[in-house]
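A quick write-up on the structure given underneath.
Here is the naming used below: chain letters follow the sequence lines, and residue numbers restart at 1 for every chain. Worth saying up front: this structure is predicted, and the values here are computed from it rather than measured.
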Protein chains: 2
Amino acid sequence: MLTISQLAAYAGVTVRAVRHYHRIGLLPEPERDRSGYRTYDAGAVVRLIRIRTLADAGVPLARVQELLAAGPEEFADGVQEIDKALRAEIRRLQDTRGRLARLAAGEHLALPQSVVDYLDRLRGLGVEERYIEMERDAWIMIAAQVPHSIDSVIAKKHEELDDPDMVKLYSLLSGALDWPADDPRIVEVADIMERLMVRAVEAGEVGADDGIDDQFVDLLDSTMVESSPHAARLLAILEERGWRGWTRIERVPADRLNTDLPPS
Amino acid sequence: MLTISQLAAYAGVTVRAVRHYHRIGLLPEPERDRSGYRTYDAGAVVRLIRIRTLADAGVPLARVQELLAAGPEEFADGVQEIDKALRAEIRRLQDTRGRLARLAAGEHLALPQSVVDYLDRLRGLGVEERYIEMERDAWIMIAAQVPHSIDSVIAKKHEELDDPDMVKLYSLLSGALDWPADDPRIVEVADIMERLMVRAVEAGEVGADDGIDDQFVDLLDSTMVESSPHAARLLAILEERGWRGWTRIERVPADRLNTDLPPS
DNA sequence: GCTTGACCTTGACGCTGGGTCAACCCTCCA
DNA sequence: TGGAGGGTTGACCCAGCGTCAAGGTCAAGC
């Protein structure tokens, strides 16, 4: 006959755990000797080791109870399921190892790869790191609000970067972080933007359905306005010249300008 | 700006969890809008995703706190350690899968492989399954009490089975489960045992240091006596003939018999 | 026969990482 | 204007034990 600590040690559990199993009825209370000590037989060893094997696999004790009480068929099914969960857990942990390595390498896990690639491309074009961080934060906010459309939007941004004028625009905007609020170079930026817009209109890209919903267009625009003090001034200049929008460009007829006031 | 549910959804956690992180100071409380709603920026997204990456790796939240507050060097060291723990956990789960498969296959995990092999050998010799179960339970009790010496003891039992008389003995003992208490065949068993003992004495195996400690010899003997009603009678017969012990045999001189009573 | 130290007993509280109400307020849309 | 679907705080609940606390028992040595 075994004492509780012999039983526990052999099964690789603590004495406390064995008593816990007694309390919840998972392991039957054995006979006591005349001094009240529990005395265990081989059956208890077998059952306890079964309990631990299942519990080590992450099975809740209540479910262990069910399984040990079930017939062999139900037991086999249960074990199948547990094994499936174990395989999934192993995969999850392997995945976590990968994410952890990327975190340690200083990667930003808050953005999908497509956006990270886009930011790397900007960096490669010589855009200042401060500006890239601003863009990154803006993209994080966008991705958090519409995670499903982020990839298609970024694909469009990639296309735009094929235009040398757009590259020029970025290098100017990058430097604009240090400009005073009324810096005249903002006009130069507006000029480049207008050229880009004209070309977009000629290519028939304006007014076509771009597959992005209206609310999202508003979101992108407002994110842009929030991101820099120059943004609002830039939009004002462009509006004077008959353009509206940023994400989705519209040509506004001269007589419909200043529609902030409702037409009387 | 994001609401709590946008933040939570993007980071793959529940709103409740985010609030929990606020309470324990893991994620700083953000500004509120005029109606009391929390409003989050990109920094919160980045921090929350870092928290989750570490927490998913099984790091306690208190430790996450420390790591995120630490310098890059300490952080890298911490991540190293976490990764080590992850690898260990993955190995443990793979091991558990193996044990689970053996459990499902009906194996008894309560015994080391050496004992399982020994029982299989008995089974191969035609020993009855009931007797093998008895032996198994006895070996479980022994293994639980002295796990470190079990292998060497089993090795000796394997050697003994090379003797055809020992094989005969087992086949008799196996059948003895159904004998009445005073079955005369027990004498036949005693005869075989005596032959085995004589041969052991001749081979010089008796009295030599067998490397097993005295307490353990007592344990094996008492386990044997408890296992069957015939065992005690068998030992009594052998003692009449001048033999003592079972696990470790001793030749007792005729004039020293009945030493239960102290010599006057 | 007494002490010592290792073991046994029950019972109660603590811990992590949130889940789950409850009771209420805010915003948006028809 | 009202109802759905957000948000807010607060309080209690869960597994699976760990960790005291406050003793009773046993074996061994003196």
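Phosphate contact (OP1/OP2 of dT9(D), side-chain N/O of R32(B), threshold under 4.0 Å): present. Using a 4.0 Å cut-off, no side-chain N or O of R19(A) falls inside it from OP1 or OP2 of dA12(C). A close approach under 4.0 Å does not occur between any side-chain nitrogen or oxygen of T3(B) and OP1 or OP2 of dG6(D). Not one side-chain nitrogen or oxygen of Y21(A) sits closer than 4.0 Å to the OP1 or OP2 atom of dG16(D). Remark: S35(B) is not in phosphate contact with dG7(D), judged by side-chain N or O atoms under 4.0 Å from OP1 or OP2. Contact check, R38(A) against dT10(C): a side-chain N or O comes under 4.0 Å of OP1 or OP2. A close approach under 4.0 Å does not occur between any side-chain nitrogen or oxygen of R23(B) and OP1 or OP2 of dA11(D).
Here the CG atom belonging to L67(A) is positioned 11.5 Å from the CG atom belonging to L61(A), to the nearest 0.5 angstrom. Here CD of Q65(A) is found 5.0 Å from CG of L26(A). Values are rounded to the nearest 0.5 Å. Here the straight-line distance linking atom CD1 of I82(B) with atom OG1 of T96(A) works out to 11.5 Å at 0.5 Å rounding.
With respect to K84(A), the side chain to side chain contact (heavy atoms under 4.5 Å, CB included) criterion is satisfied by exactly one of E81(A), Q80(A), R87(A): R87(A).
For L7(B) and dG6(D), the CG to C1' distance is 15 Å, given to the nearest whole Å. Look at CG on L2(B): it is 16 Å from P on dG6(D), rounded to the nearest Å. Summarising the geometry, the separation between CD1 on I51(A) and C1' on dG16(D) is reported as 13 Å, rounded to the nearest angstrom. The distance between atom CZ of R34(B) and atom P of dT8(D), rounded to the nearest whole Å, is 15 Å. Here dC13(D) presents its C1' atom at 14 Å from NE2 of H20(B), a figure rounded to the nearest Å. Distance L48(B) CG to dG17(C) P: 15 Å, rounded to the nearest Å. Following rounding to the nearest Å, R63(B) (CZ) and dT16(C) (P) show an atom-to-atom distance of 15 Å.
L61(B) comes within 4.0 angstrom of the backbone, heavy atoms only, and of no base. Within 4.0 Å (heavy atoms only), I4(A) reaches sugar-phosphate atoms of the nucleic acid but no base atom.
For the pair D33(B) and G36(A), nearest-nucleotide mapping onto DNA chain C gives the more 5' position to G36(A).
Side-chain proximity of R52(B) to the nucleotides dG18(C), dG16(D), dG17(C) is greatest for dG18(C). Here the side chain of A17(B) is nearest to one of dG18(D), dG18(C), dC17(D), namely dG18(C).
There is no side-chain donor-acceptor pair under 3.5 Å between T39(B) and D33(B).
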Could you walk me through whether R52(A) and Y21(A) satisfy the side chain to side chain contact (heavy atoms under 4.5 Å, CB included) test, starting with their C-alpha distance in whole Å, then the side-chain angles of each, then the deciding distance to 0.1 Å, before giving a yes or no?
CA-CA 11 Å; R52(A) 279 320 308 174; Y21(A) 300 156; 2.6 Å; yes
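In terms of polar N and O atoms assigned as donor or acceptor, the side chain of Y37(A) comes within less than 3.5 Å of the base of dG24(D) in a complementary pairing. Side-chain to base pairing of R16(B) with dG19(C): one donor and one acceptor N or O lie within less than 3.5 Å of each other.
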